[in-house]
Engineer: 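I'd like to ask you about the structure that follows.
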Protein chains: 2
Amino acid sequence: MNLQEITPAMRIADVERDTGIGKDTLRVWERRYDFPRPDRDALGERVYSADQIDRLRIIRRLLDKGMRPSKVLPLDLPALQQLLDKHSGPLHSPARHAICLSLVKLLRMHRSRELRESLNRILVQDGLQKFITDTIVPINGIIGDYWIRGELSVPEEHLYTEQVQNVIRHAIHSHAPGESAPRILFTTFPDEEHCLGILMVEAMCVAAGAHCTSLGTRIPLSDISKYASDGRYDVVALSFSAAYPSRTVTKDLTQFRELLPAKIAIWAGGGALNQKRIKLPNTTILTNIEGVPALVAHWRTGA
Amino acid sequence: MNLQEITPAMRIADVERDTGIGKDTLRVWERRYDFPRPDRDALGERVYSADQIDRLRIIRRLLDKGMRPSKVLPLDLPALQQLLDKHSGPLHSPARHAICLSLVKLLRMHRSRELRESLNRILVQDGLQKFITDTIVPINGIIGDYWIRGELSVPEEHLYTEQVQNVIRHAIHSHAPGESAPRILFTTFPDEEHCLGILMVEAMCVAAGAHCTSLGTRIPLSDISKYASDGRYDVVALSFSAAYPSRTVTKDLTQFRELLPAKIAIWAGGGALNQKRIKLPNTTILTNIEGVPALVAHWRTGA
DNA sequence: TTTTCATGTTTGTCCTGGACAAAATGCTTT
DNA sequence: AAAGCATTTTGTCCAGGACAAACATGAAAA
């Protein structure tokens with residue numbers, strides 16, 4: 001039995017599910033940039049190779065970081081890797097980096113309990129805010145790098161997400177329920193399914209003593225607006241991961257700003273907004289999560 | 001400001017996200033059955049009305065229950081409602097039904113803590129297995145009915161799922177870790193994102209004293225097989241909700257059976273399998289969740 | 001220097017109408 | 001009942017065209 005036999009044929013729908021790139025986009029890329037150029041089966045239908053999927057995954061990552069399709073689609077695998085390395089960059093102190101790497105190692109050995117205990121130890125030592133900004137954020141980056149390189153399996157990635165969620169959720173619930181202003185509602189738009197981003201912001205706000213409520217992910221705009229009005233919230237906080245369809249993010253936010261009562265503020269952040277310049281009334285775009293405590297403080301003095 | 005202005009235009013991609021029906025399918029239904037026949041905007045692109053979405057949601061539900069498109073697509077809203085009522089049927093004792101309705105009422109008032117406490121009370125009183133089969137299963141059905149009728153918002157539905165998960169997960173962890181055979185691995189295929197189904201089965205197996213591990217949802221077949229082999233599991237348990245693409249479920253299972261070592265059993269269940277007749281070696285199709293304890297017992301005597 | 005505006009280019013999504021295999025159904029025979 | 005065969009139903013894929021919104025670029029204004 002050779003490898004080709006046990007590897008199932010990747011049809012265009014499978015590629016869409018795995019990479020998040022739509023069928024129409026895949027076809028039009030093939031027409032315009034000559035990549036990906038899949039084999040065809042007996043019926044003339046596209047069959048993608050594992051190599052092409054790998055390349056597409058990296059391309060997706062680079063597009064999320066703001067590169068343009070015409071620049072990255074013609075590149076081969078080594079060139080893509082190189083470009084990715086240049087864009088990840090050295091972000092944090094070497095000591096922190098070492099701690100993060102040891103946590104990743106635990107993860108790769110499937111030691112879920114030890115991973116959670118280690119995270120908890122750091123949490124207790126650093127406090128919630130520092131834990132998020134100095135530990136979780138860099139680990140997320142490292143996990144992302146491993147993921148792109150195919151050195152992490154899907155179950156391992158799930159295990160990581162789940163343990164981090166456990167730790168942060170527990171920390172949020174252990175806090176004395178903040179009843180002081182502002183009242184903040186946390187959620188994401190229907191096309192955003194990543195919950196870690198908004199959970200981290202919620203943790204930062206809880207630590208800052210705000211009254212926080214989470215609606216969960218993938219909530220229709222009308223439902224968000226209704227809850228925010230009915231619950232007399234001061235702020236709606238939204239997260240847009242790098243994977244959010246970046247073409248529509250400005251339009252979506254503008255539409256929501258019109259729907260939501262003008263006196264309720266919007267705080268929006270996440271990778272999809274990083275290189276956008278959005279100006280809307282009573283709306284703050286957060287460029288990095290470290291700015292959250294200052295934002296809460298500013299709200300208290302300003303409003 | 002009238003209603004049409006505040007209701008955002010539903011484009012075909014939005015309908016796909018909301019109903020789970022693919023763009024191609026929507027277009028071909030329009031061609032063949034003359035429904036849905038959306039308006040067109042200035043560019044000639046489809047704009048679906050809220051009524052059409054409602055109808056499509058019910059149609060999706062009926063298809064999941066095994067009806068055929070040619071039979072249900074031509075029906076109008078009242079006829080669809082009627083058909084749905086006929087198919088939900090009276091399932092449980094009136095007393096149980098009353099308890100379930102009171103829980104739904106709590107949910108609709110957003111009393112999440114009381115909801116969780118009520119569930120926990122029933123859990124303690126009935127024990128884990130009876131709690132799942134007599135309370136959670138019927139409530140799921142009722143929630144589904146409310147959902148279809150548009151009487152439950154997305155956040156309310158999320159709230160329900162989250163609280164039930166909390167209660168079941170906690171119950172699973174409180175059990176003394178079962179070290180007795182069989183060793184069972186719980187997960188779902190990449191196209192299945194619903195986690196409640198497999199979680200309920202896991203709870204039943206934990207209560208039956210088996211050694212249980214969960215991989216989470218949306219796991220590639222190759223990863224499942226690798227884990228099951230490496231961890232020397234006896235059984236892989238899979239859940240296929242009614243929303244699983246039913247065209248492919250037989251093919252997917254067959255493919256997985258070939259990938260997984262023959263001596264590892266497969267237990268599969270869920271709505272998508274209800275009217276299938278699948279015969280595969282060392283593979284059991286569960287028609288209802290009540291059969292799980294017997295299945296575990298049977299495994300112990302038989303193997 | 002930074003910001004605003006006008007221009008041309010890039011890019012994802014939608015369109016039509018055709019094709020086909022796999023699944024479901026109905027009918028006949030063990 | 002169960003199994004085999006023919007027919008209909010049905011979802012997904014294809015090609016190639018179209019277009020607006022997002023983006024880049026460079027000139028003019030603050």
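Because only heavy atoms are used, hydrogens play no part in the values below, and waters and symmetry mates are left out as well, while side chains stay in. Bear in mind that the values here come from a model prediction, so they are computed numbers and not experimental data. Order of the sequence lines sets the chain letters (A, B, ...), proteins ahead of strands, with each chain counted from 1.
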Engineer: Grab the CD1-P distance between A:I59 and C:dT11 for me, whole Å please.
Structural biologist: 12 Å
Engineer: Looking across every strand, which nucleic acid part, if any, lies under 4.0 Å from B:K71 by heavy atom: base, sugar-phosphate, or nothing?
Structural biologist: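 Counting heavy atoms under 4.0 Å across all strands, no contact is made by B:K71.
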Engineer: Any base atoms under 4.0 Å from A:R68, or only sugar-phosphate, or nothing? Heavy atoms, all strands.
Structural biologist: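 The residue A:R68 makes sugar-phosphate contact but no base contact.
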Engineer: In whole angstrom, what separates B:D24's CG from D:dT10's C1'?
Structural biologist: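 Interatomic distance, CG of B:D24 to C1' of D:dT10: 13 Å.
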Engineer: Using a heavy-atom cut-off of 4.0 Å across all strands, would you classify A:R31 as base, sugar-phosphate, or nothing?
Structural biologist: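 Result for A:R31 = base.
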Engineer: Tell me yes or no: between the side chains of B:T217 and B:E192, is some donor less than 3.5 Å from an acceptor?
Structural biologist: no
Engineer: From the list C:dT16, C:dG12, C:dA21, which nucleotide is the closest neighbour of the side chain of A:V28?
Structural biologist: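 Shortest atom-to-atom distance from the side chain points to C:dG12.
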Engineer: Hey, does the side chain of A:K23 come within less than 4.0 Å of C:dG12's phosphate (OP1/OP2), counting only N and O?
Structural biologist: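 No.
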Engineer: In plain terms, say whether B:D85 and B:R149 are close enough for a salt bridge, that is, a side-chain N and a carboxylate O under 4.0 Å apart.
Structural biologist: yes
Engineer: Rounded to whole angstroms, how far apart are CG on A:L273 and P on D:dA22?
Structural biologist: 14 Å
Engineer: What's B:R27 touching, base or sugar-phosphate or nothing? Going by heavy atoms closer than 4.0 Å.
Structural biologist: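 Base: the residue B:R27, judged by heavy atoms under 4.0 Å, touches a nucleobase.
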Engineer: Base, sugar-phosphate alone, or nothing: which one does B:R11 contact when heavy atoms must sit under 4.0 Å apart?
Structural biologist: sugar-phosphate
Engineer: Run the salt-bridge test on B:R60 and B:D64 with the 4.0 Å N-O cut-off and return the result as yes or no.
Structural biologist: yes
Engineer: More 5' along DNA chain D: B:Y33 or A:E45, using each one's nearest nucleotide?
Structural biologist: B:Y33
Engineer: On a heavy-atom basis, which atom in B:E30 and which in B:R37 lie closest, and how many Å separate them?
Structural biologist: O-NH2, 3.8 Å
Engineer: Rounded to whole angstrom units, what separation is found between the NZ atom of A:K279 and the C1' atom of C:dT3?
Structural biologist: 12 Å
Engineer: Measure the distance from CZ on A:R247 to C1' on C:dT9 and round it to the nearest whole Å.
Structural biologist: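 Value for this atom pair: 13 Å.
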Engineer: What closest approach, in Å, do B:G216 and B:T187 show between heavy atoms, and which atom pair accounts for it?
Structural biologist: O-OG1, 2.7 Å
Engineer: What is the distance from CD of A:E30 to C1' of C:dG12, rounded to the nearest Å?
Structural biologist: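 So the two atoms are 16 Å apart, to the nearest Å.
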Engineer: Starting at CZ of A:R32 and ending at C1' of D:dC19, how long is that distance when rounded to a whole Å?
Structural biologist: 11 Å
Engineer: Return no unless some side-chain N or O of B:R46 is found under 4.0 Å from OP1 or OP2 of C:dC15.
Structural biologist: yes
Engineer: Assuming nearest nucleotide by heavy-atom distance, tell me which of B:L73 and A:T250 is located more 5' along DNA chain D.
Structural biologist: B:L73
Engineer: Choose from C:dG12, C:dT11, D:dC13 the nucleotide whose nearest atom is closest to any side-chain atom of A:T25.
Structural biologist: C:dG12
Engineer: Expressed in angstrom and rounded to an integer, what is the separation of B:L63 atom CG from D:dT10 atom P?
Structural biologist: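 It is 9 Å, rounded to the nearest whole Å.
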Engineer: If you pin B:G66 and B:I12 to their nearest nucleotides in DNA chain C, which one's is more 5'?
Structural biologist: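 It is B:I12 whose nearest nucleotide is closer to the 5' end.
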